[in-house]
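Here's the structure we're looking at; comments come further down.
The structure displayed is predicted, hence computed values, not measured ones.
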Amino acid sequence: MSSSNLRAAQPGRRRWARVLVSTVAVIALVVACVAGWIVYQNTYDLREEHVTIAGVTQPLRGVLALPKHGTGPFGLVVFVHGDGPKDATGETFYRPMWESFAAAGYASLSWDKPGINAAPGDWLDQSMDDRAAETQAAISWARTRPDIDPARIGLWGASQAGWVIPKVAARDPQLQFMIAVSPAINWLQQGRFNTVTELDEQGADPTEIHAALTRRETTLALLRRNASFAEVEAAGVTGMTARRWRFIQKNYTADATADLSQVRIPVLLILADHDINVDIADTERTYRAVLTEPRQLRVDHYSDARHSLVRKTIEDSTAKSYLVAIAAPRQLFAEGFLDAQANFVREGRPTR
């Protein structure tokens, strides 16, 4: 290229360089804004304190989430996990709820299940009675804290906690309320419902559902005769581990009815209309039948919600679930769910 042509080309190159620099700057600004938004959305008006609780058989490693301002004493919501290897935050799922309770003047207490995050013990060794005793130990610990008002302590429990929190509420008359989210009544009935409903939603035909129920009866027969895990494997039961088999053996006869009948405190029952894990009709029928004190029970239904009270329109899409969980975690839940719980503890009794 001649020197004159080179000089003529240089202004064009400079323009392209300026465009490139401007584009990079815009991209960097967008990335910074997105990152800032995500940080903002995942920052909560809370003070989280890591605590160690003297449990029944081993210490519990927990988180006490306090309102961001003030010294208390605050009311307290004690969180009881559902099934699975849950950490104290419910894999951060609890934080939007903790924040809404904090706005109502309540702290929240939760702990790692035994064996999670190097906590001592193994949650698969626990019966529902063990879990209830563990929860009672946490409540006793909380009552010694000067920043917690012992006269304003209640329970929150989801799913499997439906066999735990009624036990605790029946045994502790000082508790003030109970929030039950998607609880089942009878372990065996719930398991059958889940098997059929999940297969039906997947489009299984009657033959496939019948085969699944036949396999389930095989497993139940093994449970009833207290079969060893070696016998379970020999019978061709799949998707099972020795530890999980031991856990089911301890708990498969669980039924919440008797404990519920002894509960005398206000109860908020929260049900999701698209729950395929729990038969919500059976749950609501039983709660209404046994909780007969005037204005004791409030039942909230959420029409666009799955078992976890995440919006169905979000949970049914893996990509949408991931994006919303990162960018707008408070929007995961069914509309009104966070506010309804906060209002319930603030009011201290059912209002419907």
What distance do L175 atom CG and T135 atom OG1 have between them, rounded to the nearest 0.5 Å?
-> 10.5 Å
At their closest point, which heavy atom of [X] faces which heavy atom of [Y], and how far apart are they?
X: D149; Y: G75; answer: CB-N, 4.4 Å
X: S100; Y: M97; answer: OG-O, 2.8 Å
X: R47; Y: G70; answer: NH2-O, 2.8 Å
X: D300; Y: A340; answer: OD2-CB, 3.8 Å
X: Y252; Y: L223; answer: OH-O, 3.5 Å
X: T195; Y: A212; answer: CG2-CB, 4.0 Å

Side chains of [X] and [Y]: is there a donor and an acceptor less than 3.5 Å apart?
X: Q126; Y: E134; answer: yes
X: Q190; Y: D279; answer: no
X: D130; Y: S127; answer: yes
X: E315; Y: S308; answer: yes
X: H301; Y: E284; answer: yes
X: E231; Y: S228; answer: yes

Go through the steps for Q136 and K167 under the test side chain to side chain contact (heavy atoms under 4.5 Å, CB included), then give the verdict.
-> CA-CA 10 Å; Q136 288 177 286; K167 291 181 184 296; over 6 Å; no
Assess whether salt bridge (charged side-chain N to carboxylate O under 4.0 Å, His left out) is satisfied between R306 and E201, documenting all intermediate values.
-> CA-CA 13 Å; R306 290 290 196 182; E201 187 169 277; 3.0 Å; yes
Quick check: do [X] and [Y] have side-chain heavy atoms less than 4.5 Å from each other?
X: P73; Y: P146; answer: no
X: W163; Y: P183; answer: no
X: L109; Y: V77; answer: no
X: V51; Y: W111; answer: no
X: V324; Y: R330; answer: no
X: H81; Y: Q160; answer: no
X: V267; Y: I179; answer: no
X: T71; Y: D147; answer: no

Give a yes or no answer on whether the side chain of [X] reaches the backbone of [Y] with a donor-acceptor pair at less than 3.5 Å.
X: D45; Y: A103; answer: no
X: H274; Y: S303; answer: yes
X: T219; Y: R215; answer: yes
X: Q341; Y: L268; answer: no
X: S321; Y: I314; answer: yes
X: T292; Y: R288; answer: no

Worked check of side chain to side chain contact (heavy atoms under 4.5 Å, CB included) between Q202 and E208 = CA-CA 11 Å; Q202 293 169 1; E208 292 172 306; over 6 Å; no
Is the number of heavy atoms from other residues, nucleotides or ligands within 6.0 Å of [atom1] ([X]) greater than 12?
X: R145; atom1: CZ; value: yes
X: Y322; atom1: OH; value: no
X: E335; atom1: CD; value: no

Show the numbers, then the answer: is there a salt bridge (charged side-chain N to carboxylate O under 4.0 Å, His left out) between R143 and D172?
-> CA-CA 13 Å; R143 285 181 172 139; D172 189 340; 3.0 Å; yes
State plainly whether the residues K312 and D275 are in salt-bridge range, i.e. N to O under 4.0 Å.
-> no
Pair [X] + [Y]: ring centers closer than 6.0 Å:
X: W156; Y: Y94; result: yes
X: F74; Y: F101; result: no
X: W98; Y: Y106; result: no

Assess whether side chain to side chain contact (heavy atoms under 4.5 Å, CB included) is satisfied between M128 and K250, documenting all intermediate values.
-> CA-CA 8 Å; M128 297 302 109; K250 288 175 180 284; over 6 Å; no
Under the side chain to side chain contact (heavy atoms under 4.5 Å, CB included) rule, what do D125 and R246 come out as? Steps first, then yes or no, please.
-> CA-CA 7 Å; D125 279 336; R246 183 176 66 243; 2.7 Å; yes
Evaluate the criterion side chain to side chain donor-acceptor pair (under 3.5 Å) for residue pair R171 and Q262; output intermediate values, then yes/no.
-> CA-CA 8 Å; R171 297 170 186 174; Q262 302 301 311; over 6 Å; no
